[in-house]
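This report refers to the structure that appears directly beneath it.
Worth knowing before you read on, the calculation uses all heavy atoms, side chains too, and leaves out hydrogens, waters and symmetry mates.
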2 protein chains.
Amino acid sequence: MAVSSPGRKAATEKRRCAILQAARAVFARQGYASTVVDDIATQAGIAKGTLYLYFPSKEQIYLAALLEEARQLDADSRAAMNAAPTWREKLGAYLQVRLNYFESHQDFLRIYMSEFRGMFMHGKLNPEFMHLIQQGEAQLAQVFAVAAARGEIRPVNPELAAATVSDLSRGIMERQLRNWGRPVGPDDAAFALDVLCRALAA
Amino acid sequence: MAVSSPGRKAATEKRRCAILQAARAVFARQGYASTVVDDIATQAGIAKGTLYLYFPSKEQIYLAALLEEARQLDADSRAAMNAAPTWREKLGAYLQVRLNYFESHQDFLRIYMSEFRGMFMHGKLNPEFMHLIQQGEAQLAQVFAVAAARGEIRPVNPELAAATVSDLSRGIMERQLRNWGRPVGPDDAAFALDVLCRALAA
DNA sequence: TATAATTATGACCAGGTAGTCATTTTGATG
DNA sequence: CATCAAAATGACTACCTGGTCATAATTATA
């Protein structure tokens, strides 16, 4: 008569995660349009019908798969930046977190870079995503605002500086993804950090 | 008996262009996936069947619509940079051309920014596109290589520097497209140029 | 104007896929 | 073990859309 035992709930949650992981793998490999719902089910080792027991639509799977990781990235980023004392280290932490995340979550980043970002410009986007992204840049801007107020960097428009950082970090990740020509590595991040430091130095 | 009079050829070419322009408008508004071939035909004021007299498939329309503009942007860019004498002015020209292009070809840039770029990472891409893009960065890299050899800038990896420029210029255009929060304008480009100059100064 | 060639049309078709649901399997409970 | 609710299944359907082609309109030629 138990409507749902505790063990039941855990199993359900586990399966949910497995589905999302499978979805990320498939979407990363094939992109949203070329992915068929059955592909995801197969990758997850379940039947299509079962998928629809956990998610209402292909689109929702996609969104959920990305949102989960986006939250994590945001949290990691936030933690690392808060732990860093100086603006320079905070900046380094921001870049570092992204590089680390890249190592362990390529699927997510591939989807994010290759098609998700473009969604901003078209139809509506899940508000939480907007928030997450805006929040990320706002945090960065805050760092620069503080540093500028303290005279640690020259007085720049903090939002513009933050946007610059996010442009550069995106570029780095994109180059990692497609190894365009020569291999890119940590040099790339070091160069970006160097560029930023020189550009911002008081 | 004339197989095709000269006036005929011109009319055909004109229609072809009209189709591509219509295609850009629609693709920019709705994205590739959400666009139905009939949308393009309607926008161009012709019937769907007629479209297929000029192009063999939806994908080819998309590619042709973008390739046309990409060639133009490349040409403009090349011309402006060649005309500029110093590395600094060449860099300014690169950014400027992109900003100008943005004014007059929003449709193209919207498609390019929001979904086309992501294609690099998935399936094959028209080789001419690869070439155009790689060539663009290579030209930029060349500028830096020369400037570094002359001691006009500090000795940086030219490819990395070029990549940085293209990351920043992309960021600018993207921010223009979605007026995220406050309006962005030429300040944005000026800031980017400033960042680059400071970062590269000998 | 009559004739023929070129160009345009849009109803139609074939293929493919998101989502459903009647049926089966699982596993908890007494 | 018997019973039954919850979970899983996959064949099926309803719909959509890229591309075709027989027909019609247009334009050039004689």
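Following rounding to the nearest Å, A:Y54 (OH) and D:dA8 (C1') show an atom-to-atom distance of 9 Å. Put simply, CD on B:E13 is 13 Å from P on C:dT7, counting in whole angstrom units. One atom, CZ of B:R15, and another, C1' of C:dA8, lie 8 Å apart when rounded to the nearest Å. The CZ-C1' distance, from A:R16 to D:dA7, rounds to 16 Å in whole Å. We find that NZ of B:K14 is positioned 17 Å from C1' of C:dT7, with the value rounded to whole Å.
Screening residues 14-30 of chain A for salt bridge (charged side-chain N to carboxylate O under 4.0 Å, His left out) gives A:R24-A:E68, A:R24-A:E69 as the qualifying pairs, with residues at least two apart or on separate chains. Pairs engaging residues 88-111 of chain A under the salt bridge (charged side-chain N to carboxylate O under 4.0 Å, His left out) rule: none recorded [sequence neighbours left out].
A salt bridge does not link A:D39 to A:K48: none of the charged nitrogens lies less than 4.0 Å from a carboxylate oxygen. Using a cut-off of 4.0 Å between Lys/Arg side-chain N and Asp/Glu carboxylate O, B:R170 and A:D167 are scored as not salt-bridged.
For A:R71, the salt bridge (charged side-chain N to carboxylate O under 4.0 Å, His left out) partners are A:E128, not counting sequence neighbours. In terms of the side-chain contact (heavy atoms from CB on, under 4.5 Å) criterion, residue partners of B:S57 (sequence neighbours excluded) are, by chain and number, B:E59, B:Q60.
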Assign a letter to each nucleotide of nucleotides 10-25 of chain D from its 5' end: B, base within under 4.0 Å of a protein heavy atom; S, sugar-phosphate only; -, no contact. B------SBBB-----
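A donor atom on one side chain and an acceptor atom on the other are not found under 3.5 Å apart for A:Y101 and A:Q106.
Seen from the ring of A:Y32, A:K58 counts as a face-on cation partner, given the 6.0 Å and 45° thresholds.
End-to-end axis angle of the helix from C:dT1-D:dA30 to C:dG30-D:dC1, using five pairs per end and rounding to 10°, comes to 0°.
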